[in-house]
Amino acid sequence: RFELQSQDDGKSAMIATDDSMTKSLISKLEVRIKENPRDIDAMINLAQAQLASARYDKAENACRDALRVDLKNEPARKILAQIYYRRGNLEMAQIILNGLDAMHSKDSQVLNLLGMIALRQDKPDFALSAFQEGLKNNPSDIAVRMNLGVLYVHYRQLGLASIEFERVLKIMPDHPDANLNIAIIESSRGNLEKAEALNKKVLDVSKNNPIAIFNLAIIEEKRKNYDKALDYAKSYLDLEYAKKRNNQEAFALIYKIRAEKE
């Protein structure tokens, strides 16, 4: 079974999955469907695996195949809503969710997606309400808890955010985004050793994670280890992730480090 966590965090370590395990699972599921064209469970898992690999057209095809077998299949409709959300078609995502009676839903995945759409529409109050309702109905939904924590960080409610991320780590100790966000909170509180350890924990799982590397540059600048800070900042700029961005923050940090060093 393939489980997908949907969150809308700009500081994410959870990039699109394209590893050999996912590719192997996709191949096995395709074989299963070929042998049994009405295997809805396989179609749902295939749609989620394709969605996690950012293959939106293939994910949509798997959803449509499932809906041809069972027009009212809720998991397929939820994945279809996520596909439209990730393509930026919020209106279509909302139409599908409304068909699932989203406003009265007790389903944490539906409420999570409603909250994510609200954030994109600049409706943080509605998003907060959706995430809180989602957790009330399913306290073990990690994606909802992560989104709620990120929303708290955005509004500088660091104590509340920290509680949510710690709860995520009790369920999944190696969750990269929870570790990243706690590292950012600890760094802002001046707990640099703990922040460094958490960022390095993320790099153990994702060795070129740009956010963790950039955070380490900030930590070393705070410690006045200017050469080390510059090394991290330059490592960040060498990454493909950085080459696709304007990197104003990175250049500002390098300028600040050099000025302080002089």
Donor-acceptor check, side chain of [X] to backbone of [Y], threshold 3.5 angstrom: yes or no?
X      : Y      : result
Arg145 : Pro139 : yes
Asn209 : Ala212 : yes
Asn191 : Lys194 : no
Asn137 : Glu133 : yes
Asn247 : Ala242 : yes
Asn179 : His175 : yes
Ser235 : Asp231 : yes
Ser162 : Gly159 : no
Ser53  : Ala49  : yes

Tell me whether Arg245 forms a cation-pi arrangement with Tyr241, defined as NZ or CZ under 6.0 Å from the six-membered ring centre and within 45 degrees of its axis.
yes
Where [X] and [Y] come nearest, the two heavy atoms and their spacing:
X      : Y      : value
Ala81  : Leu113 : CB-CD2, 3.6 Å
Leu151 : Pro124 : CD2-O, 4.0 Å
Tyr85  : Leu90  : CD1-CD2, 3.7 Å
Val202 : Pro176 : CG2-O, 3.6 Å
Ala127 : Gly115 : CB-O, 3.4 Å
Tyr236 : Pro210 : CD1-O, 3.4 Å

Separation between [atom1] of [X] and [atom2] of [Y], rounded to the nearest 0.5 Å:
X      : Y      : atom1 : atom2 : answer
Ile79  : Leu67  : CD1   : CG    : 9.5 Å
Ile211 : Leu203 : CD1   : CG    : 11.0 Å
Lys256 : Glu249 : NZ    : CD    : 12.0 Å
Arg77  : Leu100 : CZ    : CG    : 4.5 Å
Leu51  : Tyr56  : CG    : OH    : 6.5 Å
Arg55  : Ile83  : CZ    : CD1   : 13.5 Å

>> Tell me whether Lys72 at atom NZ has more than 12 heavy atoms from other residues, nucleotides or ligands lying less than 6.0 Å away.
In response: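 Count not over threshold, so no.
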Working note: Glu166 + Lys170, criterion salt bridge (charged side-chain N to carboxylate O under 4.0 Å, His left out); need CA distance, chi angles, decisive distance, verdict. CA-CA 6 Å; Glu166 293 287 359; Lys170 278 183 182 172; over 6 Å; no
Practice problem: Might you work through the side-chain contact (heavy atoms from CB on, under 4.5 Å) test for Leu97 and Leu114, ending with a clear yes or no? | Solution: CA-CA 8 Å; Leu97 290 176; Leu114 268 184; 4.0 Å; yes
Does this structure show an ion pair linking [X] with [Y], if we count only N-O contacts that are shorter than 4.0 Å?
X      : Y      : result
Arg87  : Asp57  : yes
Glu35  : Arg32  : no
Arg68  : Asp65  : yes
Glu240 : Lys244 : no
Glu60  : Arg64  : yes
Lys222 : Glu260 : no

Show the numbers, then the answer: is there a side-chain contact (heavy atoms from CB on, under 4.5 Å) between Glu196 and Leu198?
-> CA-CA 5 Å; Glu196 180 185 20; Leu198 288 164; over 6 Å; no
Answer yes if [X] and [Y] sit in the same cluster of Ile, Leu, Val, Met, Phe, Trp and Tyr residues linked by side chain heavy atoms under 4.5 Å apart, and no otherwise.
X      : Y      : result
Leu169 : Ile163 : no
Ile171 : Met146 : yes
Leu46  : Val31  : no
Ile95  : Leu80  : yes
Val69  : Ile44  : yes

With a 3.5 Å cut-off and no angle check, do the side chains of [X] and [Y] form a donor-acceptor pair?
X      : Y      : answer
Ser206 : Asn208 : no
Asn112 : Asn147 : yes
Tyr232 : Asn215 : no

Do [X] and [Y] have side chains that get closer than 4.5 Å, going by heavy atoms?
X      : Y      : result
Asn89  : Glu91  : yes
Phe165 : Val150 : yes
Glu164 : Leu135 : yes
Ile96  : Tyr84  : yes
Ile185 : Ser187 : no

Would you list the pairs meeting ring pair (Phe, Tyr, Trp, His ring centres under 6.0 Å) in which at least one residue belongs to residues 60-82, sequence neighbours left out?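 Not a single pair qualifies under ring pair (Phe, Tyr, Trp, His ring centres under 6.0 Å).
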### Query
Between Arg223 and Glu220, is a salt bridge (charged side-chain N to carboxylate O under 4.0 Å, His left out) present by the stated rule, with each step listed?
CA-CA 5 Å; Arg223 287 172 167 163; Glu220 295 303 341; 3.1 Å; yes
Sequence neighbours excluded, the answer for salt bridge (charged side-chain N to carboxylate O under 4.0 Å, His left out) partners of Glu262 is none
Hits for salt bridge (charged side-chain N to carboxylate O under 4.0 Å, His left out) against Asp227, two or more places apart or cross-chain, chain-then-number order -> Lys261
task = Could you give me the CA-CA distance, side-chain angles and deciding distance for Leu230 and Arg258, then say whether side-chain contact (heavy atoms from CB on, under 4.5 Å) is met?
result = CA-CA 8 Å; Leu230 279 173; Arg258 284 178 174 157; 4.2 Å; yes
task: Given salt bridge (charged side-chain N to carboxylate O under 4.0 Å, His left out), test Asp238 with Lys243 step by step and report yes or no.
output: CA-CA 7 Å; Asp238 286 339; Lys243 287 171 185 172; 5.9 Å; no
task: I would like to know whether Leu111 and Val144 meet side-chain contact (heavy atoms from CB on, under 4.5 Å); could you show each step before the answer?
output: CA-CA 8 Å; Leu111 290 163; Val144 180; over 6 Å; no
